[in-house]
2 protein chains.
Amino acid sequence: MPHELKPIKPKRISDQVFDQLRELIFRGEFKAGEKILTERELAEAFGVSRTSVRDAINKLVVMGLLDQKQGQGTFVRLPESSEKSVLATMVESQDASITDLLEVRMGLECNAAALAASRAVEKDFQFMEKSIEEMQKEVKSGRLGNEADASFHMAIAYATNNPLQVFIMKNFYDFLFTGIKVNLEGLYKVPGNIVTILNQHQAIYQAIREHNPEAAHGAMKLHINFVYHFFGGRVGD
Amino acid sequence: MPHELKPIKPKRISDQVFDQLRELIFRGEFKAGEKILTERELAEAFGVSRTSVRDAINKLVVMGLLDQKQGQGTFVRLPESSEKSVLATMVESQDASITDLLEVRMGLECNAAALAASRAVEKDFQFMEKSIEEMQKEVKSGRLGNEADASFHMAIAYATNNPLQVFIMKNFYDFLFTGIKVNLEGLYKVPGNIVTILNQHQAIYQAIREHNPEAAHGAMKLHINFVYHFFGGRVGD
DNA sequence: CGATATTAATGGTATAACCAATTTATGGGT
DNA sequence: ACCCATAAATTGGTTATACCATTAATATCG
């Protein structure tokens with residue numbers, strides 16, 4: 001069969017519109033943050049129905065390339081918000097809140113702390129210590145210390161020696177920085193909170209160091225519960 | 001028991017349809033590969049226009065949960081046919097084992113059981129009962145009952161009323177079926193195991209029904225530990 | 001019986017009209 | 001001139017209806 005037959009691809013109209021719009025966005029014809037043509041204008045420009053245009057736009061919205069607001073228009077999504085972590089998109093599309101996230105963390109991290117208590121080795125302890133010290137420094141110099149906070153929790157994840165646990169937690173903390181940093185700053189900025197958090201970290205670290213799973217579990221529970229209450233949630237027990 | 005106040009945002013009607021359809025898929029009411037109701041039927045059933053139904057379906061198609069073919073209908077996408085779940089790639093690239101997965105589930109699901117115990121409503125109970133009964137039937141007719149097993153755990157996830165919990169667990173169970181089904185069959189095929197698992201489910205259900213978080217947590221722990229030991233793991237406590 | 005034409009079912013497109021949220025223009029009152 | 005409530009215009013969201021395009025089931029004819 002010498003020649004490849006090029007055949008007609010019976011493409012849906014909405015898909016053709018989709019392709020063209022996507023290209024316009026990628027090429028930068030529609031600049032980031034900018035308002036694009038209205039649905040009615042696009043329909044007329046392409047010579048198709050508004051329905052087809054809407055279908056195409058919807059697809060782009062779901063894919064995170066466009067944002068649509070009733071009464072205002074359709075906007076090109078900013079690049080930073082488009083390459084979000086898995087969790088970020090997850091949280092948005094599932095309408096999850098920060099307390100929802102904390103509830104899942106409650107299960108995830110308490111268990112991780114217990115596992116870490118029975119498996120952590122010297123290297124893991126060093127990482128935890130380092131994170132705690134770093135957080136103390138940052139606090140003294142007036143900074144927030146949120147990065148060191150995350151490092152501490154990640155150190156626990158590593159100590160579980162469970163790659164899946166590490167992967168999932170990493171996604172959680174990536175999201176905490178990209179998605180809801182603003183909210184978290186509220187937590188850190190209340191003066192007493194940082195000291196409290198530091199003490200809680202220390203308690204967790206102690207329990208793990210003593211290879212006491214139950215204590216580690218409990219200490220982590222107290223810690224996350226503290227944050228959870230700060231955001232107005234309430235834990236079941 | 002009110003865990004949190006969520007913003008009352010007047011949702012688009014297409015999104016409300018989307019939520020319901022997604023729930024039906026996640027809960028397993030629409031089984032994988034199955035043809036769902038037609039757009040016109042759904043429109044009438046929901047009492048909305050076909051356009052709104054189409055918008056919702058389109059979103060689900062883009063997300064990879066549904067497949068649509070002109071002239072045929074709309075189908076629930078098989079997990080394997082969709083791009084590999086987040087977990088699948090995760091487990092492969094991080095070479096995580098099934099015991100790693102079970103360890104994470106331990107934290108995730110024990111916590112979920114406790115949350116469910118304090119929040120579950122009548123509807124949730126009905127789903128759990130249904131899953132248990134279904135599993136009993138399947139076992140009697142000589143089948144494995146793994147789907148009903150997954151449904152039971154998903155029912156608990158839904159009872160937490162935490163969309164993130166639902167999303168994550170859904171990914172876990174999709175993976176359990178696609179990625180390591182073979183291994184799981186080893187578990188189900190040992191004669192006594194299914195009865196044991198059924199009893200454990202019943203115990204979990206009872207605890208949740210009685211709104212006893214601690215008991216639910218413990219019952220779930222026993223359950224997952226049982227599976228965990230079957231695969232040669234050992235839990236820290 | 002088998003190949004073919006017909007029909008029915010289902011997703012895709014097109015209009016037109018109206019609703020709901022938002023912005024902009026308008027018009028008095030100070 | 002300024003401020004602010006009100007009306008009008010703009011724009012995405014929804015509905016309704018009709019028709020097109022593709023596929024599967026059915027009927028028809030040789």
Side-chain angles (χ1 to χ4, degrees), chain A residues 5 7-22 24-25 30-78 81 92-93 95, chain B residues 7-22 24-25 30-31 33-78 81-82:
Chain A
L5 291 189
I8 302 134
K9 25 176 157 182
K11 256 191 173 174
R12 283 175 296 210
I13 296 214
S14 64
D15 279 347
Q16 298 180 41
V17 175
F18 168 84
D19 286 337
Q20 292 204 43
L21 287 181
R22 187 183 50 182
L24 287 172
I25 296 170
F30 288 164
K31 301 196 193 314
E34 203 173 60
K35 176 167 172 285
I36 71 173
L37 275 52
T38 70
E39 295 180 348
R40 290 170 175 86
E41 289 170 335
L42 285 171
E44 192 181 1
F46 283 126
V48 300
S49 75
R50 197 182 146 206
T51 308
S52 298
V53 172
R54 276 185 62 80
D55 282 352
I57 290 181
N58 277 329
K59 202 168 166 182
L60 289 163
V61 168
V62 175
M63 287 184 165
L65 289 157
L66 291 178
D67 261 332
Q68 223 171 6
K69 284 172 191 170
Q70 185 172 180
Q72 297 184 240
T74 306
F75 305 83
V76 180
R77 199 153 191 178
L78 302 166
S81 58
E92 269 188 19
S93 67
D95 303 310
Chain B
I8 304 175
K9 52 171 166 184
K11 271 190 165 179
R12 283 178 296 217
I13 163 104
S14 66
D15 278 348
Q16 298 180 41
V17 175
F18 168 83
D19 284 337
Q20 292 204 43
L21 289 180
R22 185 186 53 183
L24 287 172
I25 297 171
F30 288 164
K31 301 204 189 311
E34 203 175 60
K35 178 169 173 287
I36 71 173
L37 274 53
T38 70
E39 296 179 347
R40 292 170 174 84
E41 288 170 334
L42 285 172
E44 192 181 2
F46 283 126
V48 300
S49 76
R50 195 182 145 204
T51 306
S52 297
V53 172
R54 278 184 61 80
D55 283 350
I57 289 181
N58 277 327
K59 201 168 168 183
L60 289 164
V61 169
V62 175
M63 288 186 164
L65 276 75
L66 291 179
D67 261 332
Q68 220 171 10
K69 286 173 191 168
Q70 184 173 172
Q72 296 183 246
T74 306
F75 305 83
V76 179
R77 195 158 186 177
L78 302 164
S81 73
S82 79

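A note on names: the letters A, B, ... follow the listed sequences, proteins ahead of strands, and every chain is numbered from 1.
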Begin with the C-alpha distance, continue with both residues' side-chain angles, and end with the deciding distance and a verdict on side chain to side chain contact (heavy atoms under 4.5 Å, CB included) for Q68(B) and N58(B). CA-CA 9 Å; Q68(B) 220 171 10; N58(B) 277 327; 4.1 Å; yes
Which pairs with one or both residues in residues 40-51 of chain B pass salt bridge (charged side-chain N to carboxylate O under 4.0 Å, His left out), sequence neighbours excluded? E39(B)-R50(B)
For the residue pair I57(B) and L42(B), establish whether any side-chain heavy-atom pair is separated by less than 4.5 Å. yes
Between atom CD1 in I57(B) and atom C1' in dG12(C), what is the gap in whole Å? 12 Å
Round to a whole Å and report the spacing from NZ of K59(A) to P of dT13(C). 11 Å
In short, R77(A) meets A32(A) closest at the heavy-atom pair O-CB, 4.5 Å
Starting from C1' on dA24(D), measure out to CZ on F75(B) and report it in whole angstrom. 11 Å
Using the C1' atoms of five pairs at each end, what's the angle between the two axes of the helix from dC1(C)-dG30(D) to dT30(C)-dA1(D), to 10 degrees? 20°
Taking C-beta and beyond as the side chain, do L66(B) and V76(B) meet within less than 4.5 Å on heavy atoms? yes
Beyond-backbone contact of L21(A) with F46(A), side-chain heavy atoms, under 4.5 angstrom: yes
What's the CD-C1' distance between Q16(A) and dA14(C), to the nearest Å? 15 Å
So does S52(B) get a side-chain nitrogen or oxygen closer than 4.0 Å to the phosphate oxygens (OP1/OP2) of dT15(D)? yes
Over how many whole Å does the gap from D67(B) atom CG to dG12(C) atom P extend? 11 Å
Starting at NZ of K59(B), measure out to CZ of R22(B) and round the result to the nearest 0.5 Å. 8.0 Å
Identify whether the distance between the nearest side-chain nitrogen and carboxylate oxygen of K11(A) and D19(A) falls below 4.0 Å. yes
Protein within reach of the bases, or only the backbone? For nucleotides 6-13 of chain D, mark each nucleotide 5' to 3' as B, S or -, using heavy atoms under 4.0 Å. -----BBB
